[in-house]
Protein chains: 2
Amino acid sequence: MQDALIRKLESFETLSDHDRAALTALALRVRKVGARVDLKREGDAPDNVHLVLDGYACRYKVLPDGQRQIMAYLVPGDFCDLNVFILDQMDHSIATISACQIVDIPSAAIEAITTEHPRVTRALWWCALVDEAVLREWLVNLGGRPANHRIAHLICELLLRLEAVGRVTRNSFEFPFTQSDIADTMGLSAVHVNRTLRELRTLGLITLKQRVMTILDVERLKAYCDYNPNYLHLRNTRWSARRTVPWLGSGHGG
Amino acid sequence: MQDALIRKLESFETLSDHDRAALTALALRVRKVGARVDLKREGDAPDNVHLVLDGYACRYKVLPDGQRQIMAYLVPGDFCDLNVFILDQMDHSIATISACQIVDIPSAAIEAITTEHPRVTRALWWCALVDEAVLREWLVNLGGRPANHRIAHLICELLLRLEAVGRVTRNSFEFPFTQSDIADTMGLSAVHVNRTLRELRTLGLITLKQRVMTILDVERLKAYCDYNPNYLHLRNTRWSARRTVPWLGSGHGG
DNA sequence: CGTGCTGTTGAGTAGATTCAACTAAGGTGG
DNA sequence: CCACCTTAGTTGAATCTACTCAACAGCACG
């Protein structure tokens, strides 16, 4: 199950065996990290690039009043800090949610792969742009949707992102987040998250037990929150948006 | 006043005359666009790179129920779409707020400048990372702060960003946003924005008339909303965070 | 001199919060 | 093996922040 990154990249661009081998070679220094551990703290100087191979992590900030805001979920195949080496210091922290496998990649190794593998370079660019698009969609979520749609939207997004890295089986996936985590993500109180999850359960849209989320009716859940996956820019998956020009795969990667 | 971009980049990295000349040469095709005009619509295919030379614009999305969510303000010196040429289609729209001067830059010109000017390349990277950091901070704003702090925070951010491009005089700057714009930005109703602005005026923190925002007491306003400018990663300005290693300017741009 | 957009203010309402009590589950040590 | 402790989840009641609806004032524009 170490191919999360490759699977994700291939949901955008078809890679050659050579490309895949180069990516696999990045995962030399794999490290196991427990749940609820800081990988990086706000103010730290960037060092290596970190990649989540397995498990869930998040970006977060803590406000002066102690309030925590989670700004991103990092799932297998996601980079923690692909480009931050430009900056002097982290402006947010990164912590594991569940136990994780993390790869430390020297930024020189990233530079090397990008000079030799144009398709991989394009795909890494795509990663960064999608991360930003997800951030924008979360902003829409917090700014424009009520609590029940907000949480449904998050669940839809996780389904698609996890499916792109092969972590979904029969519409079920690992869900190690506590209700407090979701509250700090969605700008809600933990109590209200509890009631909202109950609503989604009562409506027969999801079940959630033993840290496993199951979506009972994907189409109904998507309709419930008007979910539009275009911002994930998935191309080679069953969720890909219909396009006028299905300019698929085998890119000549300029 | 065409040097907004250069000024902004120099708040991160000192540039040579040669670098500056190359950047100035980008602004060939300048275009005037009226207020409230779409520059790009969701679903469009990316074409050129667009740069705001003068005026204010925004990124936004419209939800199925007609609700508009603004996700970013673009001020002089900001790129609309520095890297989106990787993607097949825009996942959000971009519109002017006030009348603007926009430069259309062929992506080839960007590629050319980045191969020849490593300091400029680093600085453009920095732009993209700061844009993302601003987005994260906005998420914190919507998720974690009450309406009054939220709006105060936005005003503080605009002050710093506009100061970095020379658009602030005696703590005053152009503020062409309507209260509805602010509402759609901050996830509030226009009525509540009105009352909140009145609160800030009553507290003697700001004045706002004839589309000009004046901050009466910058330190008090920043204290009011616990403003921390670290996410803007400004280095060569009076707002720069104190650093242990002031590894300033004249970077050997690797 | 109306028309439309922006801003302002009041009144009633609703969605979400806080506080609080309590249950369930998991882990630890005697 | 069970008492104990801690964390996560659940539910009720009261409160509050922010919303909706509505009316109106100021101003620009044709």
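All values below were derived from every heavy atom in this structure, side-chain atoms included, with hydrogens, water molecules and symmetry-related copies excluded. In what follows, chains carry the letters A, B, and so on, assigned in the order in which the sequence lines appear, proteins first and then strands, with residues in each chain numbered from 1.
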Nearest-0.5 Å distance, SG of residue B:Cys156 to CD1 of residue B:Ile151: 12.5 Å

For DNA chain D, the residues among residues 61-75 of chain A that have a non-hydrogen atom under 4.0 Å from it: none

Axis-to-axis angle between the two ends of the helix from C:dC1-D:dG30 to C:dG30-D:dC1 (five base pairs per end, rounded to 10 degrees): 40°

Residues in contact with DNA chain C, drawn from residues 197-206 of chain B - heavy-atom cutoff 4.0 Å: B:Arg198, B:Arg201

Residue pairs fulfilling salt bridge (Lys or Arg N to Asp or Glu O under 4.0 Å) with at least one residue in residues 184-210 of chain A, sequence neighbours excluded: A:Arg68-A:Asp184

Sugar-phosphate, base or nothing in reach of B:Arg36, heavy atoms under 4.0 Å: nothing

Carboxylate-amine/guanidinium contact B:Glu163 B:Arg167, below 4.0 Å: no

Pair B:Glu157, B:Tyr73: side-chain N/O donor-acceptor within cut-off below 3.5 Å: no

Chi angles and distances behind the side-chain contact (heavy atoms from CB on, under 4.5 Å) call for A:Val130, A:Val134: CA-CA 6 Å; A:Val130 169; A:Val134 168; 4.2 Å; yes

Between A:His233 and B:Asp91: side-chain donor-acceptor atoms closer than 3.5 Å: yes

Residue pairs fulfilling salt bridge (Lys or Arg N to Asp or Glu O under 4.0 Å) with at least one residue in residues 35-48 of chain B, sequence neighbours excluded: B:Arg36-B:Asp181, B:Asp38-B:Arg41, B:Lys40-B:Asp47, B:Lys40-B:Asp81

Set of residues satisfying side chain to side chain donor-acceptor pair (under 3.5 Å) with respect to A:Thr214, sequence neighbours excluded: A:Ser172

Aromatic plane relationship, B:Phe177 with B:Phe175 - under 30° parallel, 30 to 60° tilted, over 60° perpendicular: perpendicular

Heavy-atom check, side chain of A:Arg59 versus side chain of A:Ile70, under 4.5 Å: no

Contact letters for nucleotides 18-30 of chain D, in which S counts primed atoms plus P, OP1 and OP2 and B counts the base, heavy atoms under 4.0 Å: BSBB---------

For A:Asp78, salt bridge (charged side-chain N to carboxylate O under 4.0 Å, His left out) partners two or more places apart: A:Lys8, A:Arg161

Opening and closing nucleotides of DNA chain C in contact with chain B, under 4.0 Å to non-hydrogen atoms: C:dT6 to C:dA11

Pairing residues for B:Asn228 by the side chain to side chain donor-acceptor pair (under 3.5 Å) criterion, not counting sequence neighbours: none

Side chain to side chain donor-acceptor pair (under 3.5 Å) involving B:Glu137 - partner list, sequence neighbours excluded: A:Lys61, B:Arg145, B:His153

Interatomic distance, A:Asn194 CG vs D:dG9 P [rounded to whole Å]: 8 Å

Side chain proximity check, B:Cys127 to B:Leu9, heavy atoms < 4.5 angstrom: yes

Non-neighbouring partners of A:His50 that pass side chain to side chain donor-acceptor pair (under 3.5 Å), sequence neighbours left out: A:Asp104

Whole angstrom value for the distance that separates C1' of D:dG9 from CD1 of A:Ile182: 11 Å

